[in-house]
Amino acid sequence: MERRHKQQRSAFLAEQAELRRQIEEAQRQLTEIEHMEASLKQWIQRNQSLA
């Protein structure tokens, strides 16, 4: 019983670490998208002022 509990805890901790990694990756992607959005808005404003 104790061994099974340790195995379950180990699996849980591994899954938790993977979920944290996925969250960090999603946050990195969101930051990248936000920067792209800001750049695109600046580009649009520049081109609208030229038209």
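Along the sequence shown, the residues carry numbers beginning at 1. These numbers come from the heavy atoms of this one structure, side chains and all, not from hydrogens, waters or symmetry mates.
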Hydrophobic cluster (4.5 angstrom, side-chain heavy atoms) - remaining members for L19: none
CH2 on W43 to CE on M36, rounded to 0.5 Å: 13.5 Å
Side chain to side chain donor-acceptor pair (under 3.5 Å) partners of Q42, counting only residues at least two apart: none
Qualifying salt bridge (Lys or Arg N to Asp or Glu O under 4.0 Å) pairs with a residue from residues 42-51, counting only residues at least two apart or across chains: none
ILVMFWY cluster membership beyond I23 - transitive side-chain contacts under 4.5 angstrom: none
Sequence neighbours excluded - salt bridge (Lys or Arg N to Asp or Glu O under 4.0 Å) pairs with any residue from residues 6-25: E18-R21, E25-R28
E2: salt bridge (Lys or Arg N to Asp or Glu O under 4.0 Å) partners, not counting sequence neighbours: none
